[in-house]
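One structure is given below, encoded as structure tokens.
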Number of protein chains: 2
Amino acid sequence: MKTKEHKIPEATIKRLSTYVNYLGRLGTDSNPVISSEILGESCQVSPAQIRKDLSYFGEFGVRGVGYDTKKLEAEIKDILGINHNWPTTIVGVGKLGQALLNFDFFRNHGFRIITAFDSDPNKIGTEAANGVTIQSISDIEKCVREEKISIGIITTPVAAAQEVADKLVSGGINGILNFAPIKVRVPETITLRNVSITSELDNLAYLLTQKKR
Amino acid sequence: MKTKEHKIPEATIKRLSTYVNYLGRLGTDSNPVISSEILGESCQVSPAQIRKDLSYFGEFGVRGVGYDTKKLEAEIKDILGINHNWPTTIVGVGKLGQALLNFDFFRNHGFRIITAFDSDPNKIGTEAANGVTIQSISDIEKCVREEKISIGIITTPVAAAQEVADKLVSGGINGILNFAPIKVRVPETITLRNVSITSELDNLAYLLTQKKR
DNA sequence: GCGACAATGTGATAACTGTCACAGCCTAAC
DNA sequence: GTTAGGCTGTGACAGTTATCACATTGTCGC
Ligand SMILES: NC(=O)c1ccc[n+]([C@@H]2O[C@H](COP(=O)([O-])OP(=O)(O)OC[C@H]3O[C@@H](n4cnc5c(N)ncnc54)[C@H](O)[C@@H]3O)[C@@H](O)[C@H]2O)c1
Ligand SMILES: NC(=O)c1ccc[n+]([C@@H]2O[C@H](COP(=O)([O-])OP(=O)(O)OC[C@H]3O[C@@H](n4cnc5c(N)ncnc54)[C@H](O)[C@@H]3O)[C@@H](O)[C@H]2O)c1
């Protein structure tokens, strides 16, 4: 894979995710080749944008023809780094944590949730999903280190989020996906993304309010 | 509220959501006034960015002093339109839908989930949460119209998402928040936001991959 | 009342991101 | 082999968003 030096827009990465998602759902038999125009229609992105996004990483198409569907899917997975299984853990097996644990999509998509942690004694030792047993939060540092877990997903209440993040970090985690609505603080070396479902709703409310005025 | 004509960056709206969220969690007694510097530290945004964001909508601070915490919170809620309760419905009461239904935060935050719909006969008629009874999907159009529901949250499987969106639209919905990983199609007049949890994880994987290379 | 101070509000500027048009390249048909 | 047609890849341009510096304006102590 040719990775050019330029910094890649975050929006490009988000769109690549959309593309690969759509390509994966496409019957490769009936659509062995796809053009940026057709792909763009499904993903609601302009054809030029798609070509530009891909051009950051190399040349994957054939001029006059289009892209080999299966090959393009593989290439994007390679770019995103979801062509292997990231060892992942979920911390806080509440409503949201349960939903994520049971979300099959992840498994077919480059992530392998291999452990789950909670502080509730009633939950510890029970099976959360797919053969994953909930472990005590006090074992998390050791476990992250020993199982070489790369990604930690935080779905604890706000009050516990920072503390959990600290434990993940000291266990040697590489990246954190945080669903608690605060910006947790981690060292520079850790990759962190905060997911704010609330802000999506707020944004919707804003747009609706604008429309009314 | 003074709303200037300029188009507001989407990123600004997202940050406003962060600000208001943080302000709401702040003890107003101990912090009657807050500066852009302090707020910025908590929200991990530069002070200048905060002032710029707010300046799109008016002047809310006092020079030499800062912002009245409580007042600023109210002003931002007003800007975002989360100072009243949007009648909201959830379609698809599975794992994720359940999590959202039980998420107290929404209720204290401008949204009132008043109905829930599913197609599963075993679920219809049971209580999902907080006194919300699951209704049959076949009643959705009538109900949206009669209850004047503004916002529809889609948490059905991919296969049903477009169909559900169509029903919401024909019932007269104003806005849709879609959690299914496809871009549903709606008329121009409907405000739509797609939430992609998957793409957040993909983004994390990408960043981690970059770090390794 | 006045001066020192502190933090906002904003125009100018820099950085980033998306759009467009077309050159370049491949395929296929004859 | 040659030509017509079609779709990619990309440089130039336009539009958008963030950063910066500082003028502005309010507070407080004396
Ligand atoms: N439910 C939603 O729809 C939703 C949406 C957006 C964001 N969130 C956020 O996600 C987080 C979880 O939400 P939820 O609805 O699943 O909450 P929940 O209360 O159902 O689950 C929280 C879980 O975390 C566990 N926990 C608490 N402290 C812990 C600790 N120190 N270590 C390990 N585990 C701990 C609890 O035992 C519980 O099982 C919250 O921060 C919430 O704000 C939730
Ligand atoms: N679970 C997660 O963590 C997660 C994360 C990101 C996105 N998503 C997306 O959210 C959606 C829901 O995920 P989930 O895990 O809750 O799935 P789920 O299977 O647990 O729930 C889906 C629910 O939708 C109902 N349903 C199906 N067809 C319907 C229809 N036509 N009308 C009304 N209801 C219908 C089902 O009866 C079920 O109750 C999926 O599209 C999924 O891709 C889920």
Side-chain angles (χ1 to χ4, degrees), chain A residues 1-19 23 31-73 75-76 79 199 203 206-207 210, chain B residues 1-19 23 31-69 71-73 75-76 79 199 203 206-207:
Chain A
M1 189 181 78
K2 178 174 73 178
T3 307
K4 296 182 182 174
E5 284 312 311
H6 301 288
K7 207 189 130 281
I8 314 296
E10 180 169 323
T12 289
I13 303 302
K14 190 162 187 180
R15 283 189 297 266
L16 287 179
S17 177
T18 308
Y19 306 155
L23 290 171
N31 299 77
V33 168
I34 192 166
S35 70
S36 60
E37 178 154 359
I38 299 296
L39 181 57
E41 221 163 275
S42 308
C43 300
Q44 295 179 45
V45 172
S46 79
Q49 182 72 73
I50 292 181
R51 297 199 299 273
K52 186 69 150 185
D53 286 340
L54 294 173
S55 79
Y56 286 124
F57 301 96
E59 308 191 1
F60 307 113
V62 178
R63 299 184 186 205
V65 180
Y67 302 91
D68 179 310
T69 308
K70 218 178 161 75
K71 204 177 117 205
L72 183 59
E73 186 189 353
E75 291 280 12
I76 299 180
I79 294 168
S199 87
N203 208 316
Y206 169 74
L207 293 171
Q210 286 308 101
Chain B
M1 189 181 79
K2 177 173 74 177
T3 307
K4 296 181 184 175
E5 284 312 310
H6 301 290
K7 204 189 132 283
I8 313 297
E10 180 167 323
T12 289
I13 303 303
K14 190 163 187 176
R15 284 190 296 268
L16 287 179
S17 177
T18 309
Y19 306 155
L23 291 170
N31 299 75
V33 168
I34 192 166
S35 70
S36 60
E37 179 154 357
I38 300 296
L39 180 58
E41 221 163 273
S42 308
C43 300
Q44 296 178 44
V45 172
S46 78
Q49 182 71 75
I50 292 182
R51 298 200 297 275
K52 188 66 150 185
D53 285 341
L54 294 173
S55 80
Y56 287 123
F57 301 96
E59 307 190 2
F60 306 114
V62 179
R63 298 184 186 207
V65 181
Y67 301 91
D68 180 310
T69 307
K71 204 177 117 204
L72 183 59
E73 187 189 352
E75 291 279 12
I76 299 180
I79 293 168
S199 87
N203 208 317
Y206 170 73
L207 293 171

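Values below: all heavy atoms of this structure, side chains included; hydrogens, waters and symmetry mates excluded. Numbered from 1 within each chain, the chains take letters A, B, ... in sequence-line order. As the structure is a prediction and not an experimental result, all values here were calculated from the model.
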Heavy-atom pair of closest approach, residues L23(B) and I34(B): CD2-CG2, 4.2 Å
Please report, rounded to the nearest Å, how far the P atom of dA7(C) is from the CG atom of L72(B). 16 Å
Rounded to 10 degrees, the angle between the two terminal axes of the helix from dG1(C)-dC30(D) to dC30(C)-dG1(D), each from five pairs: 10°
Proximal nucleotide (of dG9(C), dA18(D), dG18(C)) relative to the P9(B) side chain: dA18(D)
Sub-4.0 Å heavy-atom contacts from residues 34-42 of chain A onto DNA chain D, ordered by number: S35(A), S36(A)
Would you mind building the protein contact string for nucleotides 20-30 of chain D? One character per nucleotide, 5' to 3', B for base within reach (heavy atoms under 4.0 Å), S for sugar-phosphate only, - for untouched. BB--BBBS---
Exactly one of I76(B), V33(B), L39(B), L54(B) clears side chain to side chain contact (heavy atoms under 4.5 Å, CB included) with Y67(B), and that residue is L54(B)
Rounding to a whole Å, what distance do you find between Y56(A):OH and dC16(C):C1'? 9 Å
Could you tell me how far apart D53(B) (CG) and dA18(D) (C1') are, to the nearest whole angstrom? 10 Å
Just how far is it from atom SG of C43(B) to atom CD1 of I50(B), taken to the nearest 0.5 Å? 5.5 Å
Where do N31(A) and I38(A) land on the side chain to side chain contact (heavy atoms under 4.5 Å, CB included) test, with the steps shown first? CA-CA 11 Å; N31(A) 299 77; I38(A) 299 296; 5.8 Å; no
From dT19(C), dT10(D), dT10(C), nucleotide with atom closest to Q49(A) side chain: dT19(C)
Whole-Å distance between dT10(D) P and F57(A) CZ? 13 Å
Protein-nucleotide distance (L54(B), atom CG; dG9(C), atom P), rounded to Å: 7 Å
Could you state the atom-to-atom distance from CD1 of I8(B) to P of dG15(D) in whole Å? 19 Å
Could you tell me which residues satisfy side chain to side chain contact (heavy atoms under 4.5 Å, CB included) with N203(A), sequence neighbours excluded, listed by chain and number? L207(A), E10(B), I13(B), R193(B)
Length of the line joining K7(A):NZ and dT17(D):C1', which is rounded to integer Å: 12 Å
For T12(A), what residues pass the side chain to side chain contact (heavy atoms under 4.5 Å, CB included) criterion, not counting sequence neighbours? I8(A), P9(A), R15(A), L16(A), D53(A), Y56(A), F57(A)
Just how far is it from atom OH of Y19(B) to atom CD of Q49(B), taken to the nearest 0.5 Å? 5.5 Å
Among residues two or more places apart or on two chains, list those pairs meeting salt bridge (charged side-chain N to carboxylate O under 4.0 Å, His left out) that have a residue in residues 33-52 of chain B. none
Measure the distance from CD1 on I13(B) to P on dT16(D) and round it to the nearest whole Å. 16 Å
